[in-house]
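For reference, the structure is listed below as structure tokens.
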Amino acid sequence: TIQNYFRLYSKLAGMTGTAETEAQEFHDIYALNVMAIPTNKPCRRKDFNDVFFKTRREKYNAAIAEIEAAYKRGQPVLVGTASVEASELLSRMLRRTKIPHNVLNAKNHAQEAEIVAQAGQAGAVTISTNMAGRGTDIKLGDGVEELGGLLVIGTQRYESSRVDRQLQGRCARQGDKGESIFIISLEDELLRLYADMSFLAKQIRLKYREGCPFSHPLFERIIKRAQKKVEGENFSIRKRMLQFDDVSNKQREAIYSIRSEIIDE
């Protein structure tokens with residue numbers, strides 16, 4: 001496994017903007033501690049509350065309305081999607097509203113860095129799948145700072161809160177201004193498969209009006225709980241696989257030490 005490959009190094013270190021949430025895993029697997037380093041300049045990002053809709057259709061319509069409003073203001077928008085299918089659906093919807101945009105997914109990875117680098121220019125609209133092109137810096141164009149900086153729109157909460165944070169972290173870098181918002185539907189996979197929605201379903205039925213977003217203080221807690229559940233499951237799968245591999249690894253070490261002995265002699 002990749003974990004045992006990394007353990008072959010006598011020294012291990014790494015750096016990422018989202019390691020804090022995975023500190024336990026780094027400690028358990030690699031015996032590494034995570035240290036949070038303060039930002040170079042104060043973060044000026046504005047994170048808006050999540051907006052909830054009942055269906056996916058309403059969610060995408062709301063996302064298009066949000067993009068359209070920002071485009072008219074001249075504010076650049078970066079839209080995060082979880083699949084190629086979702087990015088192409090949004091692209092088709094934007095073509096109908098005649099909004100020029102770039103789509104960044106596995107189908108056009110060759111221009112990835114170039115497309116992401118231009119995402120901060122005034123009036124730019126970029127749709128990206130799983131936040132490709134993370135290594136590229138997004139510089140804000142002239143006058144964008146006054147409009148609130150780059151607006152990041154997440155079209156769902158991801159299974160891992162790390163990916164949410166990576167998406168939000170694409171704006172407001174190095175003290176720039178930026179805004180982020182997540183537009184969510186109850187049909188999203190995370191909520192459908194992992195969240196306990198029984199109490200809220202009743203509240204929604206009472207207050208639901210098509211096309212209108214709704215909120216409840218419990219929503220964000222339910223999402224965090226669902227993400228923790230998925231992250232916990234994924235971690236236990238990786239940990240169990242490593243435990244199996246440790247047995248093979250001991251045999252591997254024994255065979256390779258014999259092999260090295262033969263070669264040296």
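The structure presented is a predicted model; accordingly, all values stated were derived computationally and were not measured.
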Considering only heavy atoms from C-beta outward, does the side chain of [X] approach that of [Y] to under 4.5 Å?
X: Ile67; Y: Thr97; result: no
X: Tyr71; Y: Pro100; result: yes
X: Gln156; Y: Leu190; result: no
X: Arg7; Y: Asp246; result: yes

Atom of [X], atom of [Y] and distance for their closest heavy-atom approach:
X: Val51; Y: Pro213; result: CG1-CB, 3.4 Å
X: Thr126; Y: Ala119; result: OG1-CB, 3.6 Å
X: Ala70; Y: Val77; result: CB-CG2, 3.4 Å
X: Gly80; Y: Thr155; result: O-OG1, 2.8 Å
X: Pro76; Y: Gly120; result: CG-O, 3.6 Å
X: Arg56; Y: Glu187; result: N-OE1, 3.0 Å

Count I, L, V, M, F, W, Y as connected when their side-chain heavy atoms are under 4.5 Å apart, and connections chain through other members. Are [X] and [Y] then in the same cluster?
X: Phe182; Y: Leu193; answer: yes
X: Tyr9; Y: Leu32; answer: yes
X: Leu12; Y: Tyr5; answer: yes

Result block: side-chain N/O donor-acceptor pairs under 3.5 angstrom for residues 142-152, not counting sequence neighbours:
| from | atom 1 | to | atom 2 | distance (Å) |
| --- | --- | --- | --- | --- |
| Glu145 | OE2 | Arg44 | NH1 | 3.0 |

(request) For the pair Phe6 and Tyr30, name the ring-plane relationship: parallel under 30°, tilted 30 to 60°, perpendicular over 60°. (result) perpendicular

(request) Check each of Leu167, Leu90, Leu89 against Thr81 using the side-chain contact (heavy atoms from CB on, under 4.5 Å) test, and report the only one that passes. (result) Leu90

Just how far is it from atom [atom1] of [X] to atom [atom2] of [Y], taken to the nearest 0.5 Å?
X: Ile153; Y: Phe48; atom1: CD1; atom2: CZ; answer: 10.5 Å
X: Asp188; Y: Phe53; atom1: CG; atom2: CZ; answer: 12.0 Å
X: Arg173; Y: Arg45; atom1: CZ; atom2: CZ; answer: 10.5 Å
X: Leu104; Y: Ser87; atom1: CG; atom2: OG; answer: 9.0 Å
X: Ile181; Y: Glu66; atom1: CD1; atom2: CD; answer: 5.0 Å
X: Ser161; Y: Glu20; atom1: OG; atom2: CD; answer: 10.5 Å

(request) Check whether any side-chain N or O of Arg157 sits under 3.5 Å from a backbone N or O of Lys224 as a donor-acceptor pair, and report yes or no. (result) no

(message) I'd like to know if the side chain of Asp245 and the backbone of Thr1 have a donor-acceptor N/O pair within less than 3.5 Å.
(response) yes

(message) Would you say that more than 12 heavy atoms from the other residues, nucleotides or ligands in this model lie under 6.0 Å from the CD of Glu189, or not?
(response) no

(message) If you count every heavy atom of other residues, nucleotides or ligands that lies below 6.0 Å from Leu8 atom CG, does the total exceed 12?
(response) yes

(request) Please lay out, stage by stage, how Phe52 and Ile223 fare under the test side-chain contact (heavy atoms from CB on, under 4.5 Å). (result) CA-CA 11 Å; Phe52 291 88; Ile223 281 177; 3.7 Å; yes

(request) Name all residues meeting the salt bridge (Lys or Arg N to Asp or Glu O under 4.0 Å) criterion together with Asp176; count only those two or more places apart in sequence or in a different chain, and write none if there are none. (result) none

(request) Could I get the full list of salt bridge (Lys or Arg N to Asp or Glu O under 4.0 Å) partners for Lys177, not counting sequence neighbours? (result) none

(request) Give the C-alpha distance, both sets of side-chain angles, the deciding distance and a yes or no for side-chain contact (heavy atoms from CB on, under 4.5 Å) between Asn61 and Ile64. (result) CA-CA 5 Å; Asn61 286 336; Ile64 295 295; 5.5 Å; no

(message) Could you check whether Gln227 and Asp164, counting side-chain N and O atoms only, form a donor-acceptor pair closer than 3.5 Å?
(response) yes

(message) Taking side chain to side chain contact (heavy atoms under 4.5 Å, CB included) as the definition, give me every residue that meets it alongside Asn49, ordered by chain and number, with sequence neighbours left out.
(response) Glu220

(request) Name all residues meeting the side chain to side chain donor-acceptor pair (under 3.5 Å) criterion together with Gln243; count only those two or more places apart in sequence or in a different chain, and write none if there are none. (result) Arg240

(request) Enumerate the residue pairs fulfilling salt bridge (Lys or Arg N to Asp or Glu O under 4.0 Å) with a member in residues 225-239, sequence neighbours excluded, ordered by first and then second residue. (result) Glu25-Arg238, Asp28-Lys239

